[in-house]
Novice: 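Once you've had a glance at the structure underneath, I'll fire off some questions.
Starting from 1, each residue takes its place in the sequence as its number. Only this structure's heavy atoms are used, side chains among them; waters, hydrogens and symmetry mates stay out.
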Amino acid sequence: MRPFGETIFAEMTRLAVETDSVNLGQGFPDTDGPRSLIDTAARHIQDGVNQYPPGLGRPELRRAVAADRFRRLGLDYDPETEVYITVGATAGIAAGVLGLVEPGDEVVLFEPMYDSYAAVIAMAGGVRRPVTLRPGPDGRFTFDPGELRAAFGPRTRMIIVNTPHNPTGTVFTREELGVIADLCAEHDVIVLTDEVYEHLTYDGAEHVPPASLPNMRERTLSVSSAGKTFSVTAWKTGWVMGPAALVRAARTVNQFLTFTANGALQLAIADALSGEADWIRAQRDALQAKRDRLADGLRRAGFDVQRTQGTYFVMADIRPLGYDDGIALARSLPRTAGVAAVPAQVLYDDQDAGRHLVRFAFCKRDEVLDEAVDRLTRAFAG
């Protein structure tokens, strides 16, 4: 793990605090989730739900996750054997990789990639096989099917599919997922999905769970969480779903990592999954407006902004401003402009592919976004 030091998210947040900058680097909202969710959690804590819940997770939440997945997406999971609660999606992803990847196994994944993927593959002794997402003529990032096929080989054990995708904002289409599914069937590969932004898709983009494609359920371990859906990222409550054998592999590892998650929060989330559909829709619509607000402002400041279909983020090309090194710019922005962002190149194995890109988070109050845009405009547009 020597190559893995302080995460870029921690570094940018630290710089933002030191310089009193507007932090559009780390992806967390600056408003809370639904009032009922907060109140229900507080009530359960006050009522004494403060000790270890069952290792599998509270049955109420496992049942709620299974019911939500079936109601919205038509995927039928047994809450007793096919749903498992974790300390956030990050722990679920880690447990899935560590439980299913052996030393020397190859893992295909798309870059730019969420930084924990590379770290946990290294922990498992696996070998990364990244496939680069690039923007097309419409600004939407996607993959080249030929490059994806070339990444699969006799040692391929797993592919990690993050949709909606952080940081590019791409929501993979049914056709794109079909290409992935065909290769997984051909090479007998396990799919691990990161779907934490599944509710946050914009302009009518459809979230298609890879497990819903023909013959994919039996080879797919799906991961999601409450943090992004309900704007409670600090609650760190996630879940894995899939065939009992794949879930058991993740559970076997996770019992020696985080073991279990906060029971009172699990109970509150169980209620919210069935009772807060209107709040989730309103939050999605509000975030779509924030995306547009920030993207328009960044363009006025001189950035070229790529198309975002989901998540909390927009990717901005810094070359129109005369820069070509995202790390250097991101490290200087807090002091020169009073704004923090994340350089995309640290999320690539092929850093040249992302050297000209930075990621901004739009999950903030409108006045915060406006202040960030004003500061950037003064710094770059005069």
Novice: Could you pull out all residues at least two apart from Asp350 that satisfy side-chain hydrogen bond (donor to acceptor under 3.5 Å, both in side chains)?
Specialist: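 Asp350: no side-chain hydrogen bond (donor to acceptor under 3.5 Å, both in side chains) contacts found.
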
Novice: How close do Phe313 and Pro167 get, heavy atom to heavy atom, and via which atoms?
Specialist: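 Nearest pair, atom of Phe313 first, then Pro167: CB-O, 4.0 Å.
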
Novice: Considering only NZ, NE, NH1 and NH2 on the basic side and carboxylate oxygens on the acidic side, decide whether Glu276 and Arg281 come within less than 4.0 Å.
Specialist: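 No.
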
Novice: Look at Arg299 together with Asp304 and state whether they make a salt bridge at an N to O cut-off of under 4.0 Å.
Specialist: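 The answer is no: the pair does not qualify as a salt bridge.
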
Novice: Heavy atoms only: give me the nearest Val108-Thr156 pair and the separation to one decimal.
Specialist: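 Shortest heavy-atom separation between Val108 and Thr156 comes out as CG2-CG2, 3.9 Å.
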
Novice: Give me each pair satisfying ring pair (Phe, Tyr, Trp, His ring centres under 6.0 Å) with a member in residues 247-291, each pair once, sequence neighbours excluded.
Specialist: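 Only Tyr52-Phe259 qualify under ring pair (Phe, Tyr, Trp, His ring centres under 6.0 Å).
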
Novice: Just so I know, are the side chains of Arg155 and Val127 near enough to count as touching, which here means a heavy-atom distance under 4.5 Å?
Specialist: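 No. Closest side-chain heavy atoms not under 4.5 Å.
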
Novice: Are Asp324 and Arg355 within salt-bridge range, i.e. N to O under 4.0 Å?
Specialist: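 The answer is no: the pair does not qualify as a salt bridge.
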
Novice: So does Glu111 pair up with Arg134, basic N to acidic O under 4.0 Å?
Specialist: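 No.
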
Novice: Assert yes or no for the condition that the ring centre distance of Phe141 to Phe110 is strictly below 6.0 Å.
Specialist: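 Centroid separation for Phe141 and Phe110: 6.0 Å or greater.
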
Novice: Might you point out which heavy atoms bring Glu82 and Tyr77 nearest each other, and give the distance in Å?
Specialist: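 Closest approach of Glu82 to Tyr77, heavy atoms only: OE1-CA, 3.4 Å.
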
Novice: Looking at Asp370 and Arg293, is any side-chain nitrogen of the basic one under 4.0 Å from a carboxylate oxygen of the acidic one?
Specialist: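 Asp370 and Arg293: salt-bridged.
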
Novice: Tell me the closest heavy-atom pair linking Val49 and Ala264, and the distance in Å.
Specialist: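 Taking Val49 first and Ala264 second, the nearest heavy atoms are O-CB, 3.6 Å.
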
Novice: By the definition side chain to side chain contact (heavy atoms under 4.5 Å, CB included), identify the one residue from Pro210, Pro209, Ser224 that meets it with Thr193.
Specialist: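 Result for side chain to side chain contact (heavy atoms under 4.5 Å, CB included) with Thr193: Pro210.
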
Novice: Tell me the ring pair (Phe, Tyr, Trp, His ring centres under 6.0 Å) pairs involving residues 112-132, sequence neighbours left out?
Specialist: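 Checked against ring pair (Phe, Tyr, Trp, His ring centres under 6.0 Å) - neighbours excluded - the pairs reaching residues 112-132 are Tyr114-Tyr117.
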
Novice: Looking at Asp30 and Lys364, does any basic side-chain N land under 4.0 Å from a carboxylate oxygen?
Specialist: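 Judged by the 4.0 Å cut-off on N to carboxylate O distance, Asp30 and Lys364 do not form a salt bridge.
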
Novice: Centre-to-centre under 6.0 Å for Tyr312 and Phe28, is that the case here?
Specialist: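 Tyr312 vs Phe28: aromatic centres not under 6.0 Å.
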
